[in-house]
Amino acid sequence: MNLYLKSRKSKVESRKKLAAFTLSLLSFALNAQEQPKDSVKSIEEVLISGVRAKDKNPITFTNVSKTQIAPRNLGQDIPILLNYLPSVVTTTDAGAGIGYTYMRVRGADGSRINVTLNGVPFNDSESQGTYFVNLPDFASSLESIQLQRGVGTSTSGAGAFGASLNLQTKTSQPNNYAELSNSFGSFGTRKHTLAFGTGLHDNFEMNARISKITSDGFIDRASSDLFGYYFDANYITKSTIIKAIAFGGKEKTYQAWNGLEDEEKLKNDRTYNSAGQYTDEFGNTKFYDDETDN
C-alpha cells in the first residue's frame, strides 16, 4: 500500500515538473519572438536589405561611408568620387569632374551598371545610362554607397552585368544642425552648400540641402552651372518610421563630349573643343556661345 502511494505520488510530481518545464519552454519561445522596444530598425535598412550584399554573399563589393565621402566631396560627381575603388575607371567631358561624368566597372559602361537610390532604380529607362549631372552635390545627402563588381544582388532596373551601385540617403538626424560648406578649385570651380535639420521634436524631423556648383572646365568652353536640392520629412516612433523624400537638380553645361580629332591636337592643343564650331562668310573659324545642354 505504501509502495503504491509513493509510486502514485512520484508520477504526479513528475507530471507537475513536466508541465512546468513545458510552460517555461513556451514562455521562453514567446519572449524570444518579442523584439525589444529599443532595437527598432530604421526604414533605410529595410529599403536596402534586398539590394545590398553582405559578407556571406559570393559577390565582390566595397562599402563607402559618409565619413569616407566627405574629404573628397568638393563638387565633383559621384563617379569621380568613386574612381579610387578597384576595377573603376572614370571619364569626364569637361576634364574637371564636374558636369557630365561616366564610370566603367570591369570594362562595362554605365548602361550595364545597375544604379539604385534607396532601392529604387535610377537608370534612364531609354538608354539605361545614369546622369548624375542632374543631381548636383547629391553626395552631400548620402549615408553610404555600396559598389558591387560583376553581377550583383539587385533585380530592379537595368541589367547588372558590369556592377551594381546602391546609394542610401542620410538616416534620421536626432539633433538639430546647420552647415555651410564652400569649396574653390582650379578652372574657376566653386561649390556652395547650405544644409540644416530641425532635429527630432514630438516625433517629427525635417532635413534640407541646397547646392550651387559652377566650373569653367579644363576643356575650352566646357562650363557647368548646376543647382541641386534635397529635402526629407520624417515621422518617427519606437516602432515606425514614415519618410518623405524630395530631391532634384537643374544643369546647364556647355557641350564638350566630342573629344580630340587627331594626334596633333593631343600634343599641342589638349583643351580643344569642336562643339559649336562653324566658319563664317569670311572663312573665319568661330564658335557658338549657346551650344549647351540644359
Side-chain angles (χ1 to χ4, degrees), residues 60 62 72-115 123-124 126-139 147 149-150 158-163 165 183-191 213-226 249 251-294:
T60 304
T62 303
R72 300 179 174 87
N73 184 22
L74 302 175
Q76 296 176 313
D77 278 355
I78 288 175
I80 305 301
L81 298 180
L82 301 178
N83 65 3
Y84 67 96
L85 297 181
S87 305
V88 175
V89 176
T90 61
T91 56
T92 163
D93 284 352
I98 295 173
Y100 274 91
T101 60
Y102 315 92
M103 67 185 297
R104 288 176 175 265
V105 181
R106 293 182 175 177
D109 66 8
S111 65
R112 297 297 182 265
I113 299 175
N114 176 279
V115 180
N123 295 69
D124 180 75
E126 181 179 4
S127 68
Q128 302 301 305
T130 50
Y131 304 99
F132 289 103
V133 67
N134 297 326
L135 299 177
D137 199 25
F138 196 68
L147 177 67
R149 292 177 286 279
F161 301 111
L165 182 66
S183 302
F184 303 87
S186 303
F187 317 115
T189 301
R190 299 177 298 279
K191 179 178 86 80
I213 302 175
T214 57
S215 178
D216 297 332
F218 170 73
I219 305 297
D220 297 338
R221 299 175 315 284
S223 60
S224 299
D225 187 358
L226 314 174
E251 60 93 1
K252 183 176 182 179
T253 56
Y254 202 101
Q255 295 178 13
W257 50 65
N258 290 343
L260 296 176
E261 297 175 346
D262 51 49
E263 186 178 355
E264 184 65 25
K265 280 189 168 52
L266 178 63
K267 292 180 179 178
N268 302 314
D269 193 6
R270 298 174 68 88
T271 64
Y272 174 76
N273 179 15
S274 63
Q277 179 178 315
Y278 71 98
T279 303
D280 67 9
E281 57 187 85
F282 303 104
N284 299 317
T285 299
K286 293 187 177 180
F287 297 90
Y288 291 110
D289 294 328
D290 58 353
E291 197 77 5
T292 58
D293 177 77
N294 307 288

| query | Between the main-chain N or O of Gln255 and the side-chain N or O of Asn273, is there a donor-acceptor pair closer than 3.5 Å? | reply | yes
Side-chain donor-acceptor pairs of residues 74-91 under 3.5 Å, sequence neighbours excluded:
unit_1 : atom_1 : unit_2 : atom_2 : d
Gln76  : NE2    : Ala96  : O      : 3.0
Asp77  : OD2    : Thr101 : OG1    : 3.2
Asn83  : ND2    : Ile80  : O      : 3.4

| query | Quick one: does Ser127's side chain have a donor or acceptor within less than 3.5 Å of a partner on Asp124's backbone? | reply | no
| task | Could you walk me through whether Tyr100 and Tyr131 pass the side-chain contact (heavy atoms from CB on, under 4.5 Å) test, one step at a time? | result | CA-CA 7 Å; Tyr100 274 91; Tyr131 304 99; 3.8 Å; yes
| task | Walk me through it: do Asp293 and Glu251 pass the test side-chain contact (heavy atoms from CB on, under 4.5 Å)? | result | CA-CA 8 Å; Asp293 177 77; Glu251 60 93 1; 2.6 Å; yes
| query | What residues, two or more places apart in sequence or in another chain, satisfy side chain to side chain contact (heavy atoms under 4.5 Å, CB included) together with Glu281? | reply | none
| request: Using the test ring-ring contact (aromatic ring centres under 6.0 Å, His included), find all partners of Tyr254 that sit at least two apart in sequence or belong to another chain. | output: none
| Distance, nearest 0.5 Å, that separates OG1 of Thr292 from NZ of Lys252 | 5.0 Å
| query | Are Arg190 and Thr214 close enough that a side-chain donor and a side-chain acceptor fall under 3.5 Å? | reply | yes
| message | To check you understand the geometry: which heavy-atom pair defines the closest contact between Asn258 and Ser274, and what is its length? | response | ND2-OG, 3.0 Å
| said: Would you say NZ of Lys286 has more than 12 non-hydrogen atoms from neighbouring residues, nucleotides or ligands within 6.0 angstrom? | reply: no
| field | Contact check, side chains of Glu264 and Tyr272, non-hydrogen atoms, under 4.5 Å | value | no
| message | Suppose the criterion is salt bridge (charged side-chain N to carboxylate O under 4.0 Å, His left out): which pairs have a residue in residues 254-263, not counting sequence neighbours? | response | Glu263-Lys267
| task | Work out which heavy atom in Ala94 is nearest to a heavy atom in Ala222; give both atom names and the distance. | result | CB-O, 3.5 Å
| query | Do you know the tightest heavy-atom contact between Thr253 and Ser224? | reply | CG2-OG, 3.7 Å
If you look only at distance, which donor and acceptor atoms sit under 3.5 Å apart when one is on a side chain in residues 102-112 and the other is two or more places apart or in another chain?
unit_1 : atom_1 : unit_2 : atom_2 : d
Tyr102 : OH     : Asp93  : OD2    : 3.1
Arg104 : NH1    : Gly107 : O      : 2.9
Asp109 : OD1    : Ser111 : N      : 3.2
Asp109 : OD1    : Ser111 : OG     : 2.7

| Verdict with supporting geometry, Leu226 and Ile98, side-chain contact (heavy atoms from CB on, under 4.5 Å) | CA-CA 9 Å; Leu226 314 174; Ile98 295 173; 3.8 Å; yes
| note | On a heavy-atom basis, the closest approach of Ala163 and Leu147 is CB-CD1, 4.1 Å
| Considering residues at least two apart in sequence or located in another chain, which fulfil the side chain to side chain contact (heavy atoms under 4.5 Å, CB included) criterion with Tyr288? | Tyr278, Asp290, Glu291
| said: To check you understand the geometry: which heavy-atom pair defines the closest contact between Gly188 and Asp216, and what is its length? | reply: CA-OD2, 3.8 Å
| field | Donor-acceptor contact present, side-chain Thr271 to main-chain Ile219, <3.5 Å | value | no
| Would Leu260 and Asp269 satisfy side-chain contact (heavy atoms from CB on, under 4.5 Å), going step by step from the backbone distance to the final call? | CA-CA 9 Å; Leu260 296 176; Asp269 193 6; over 6 Å; no
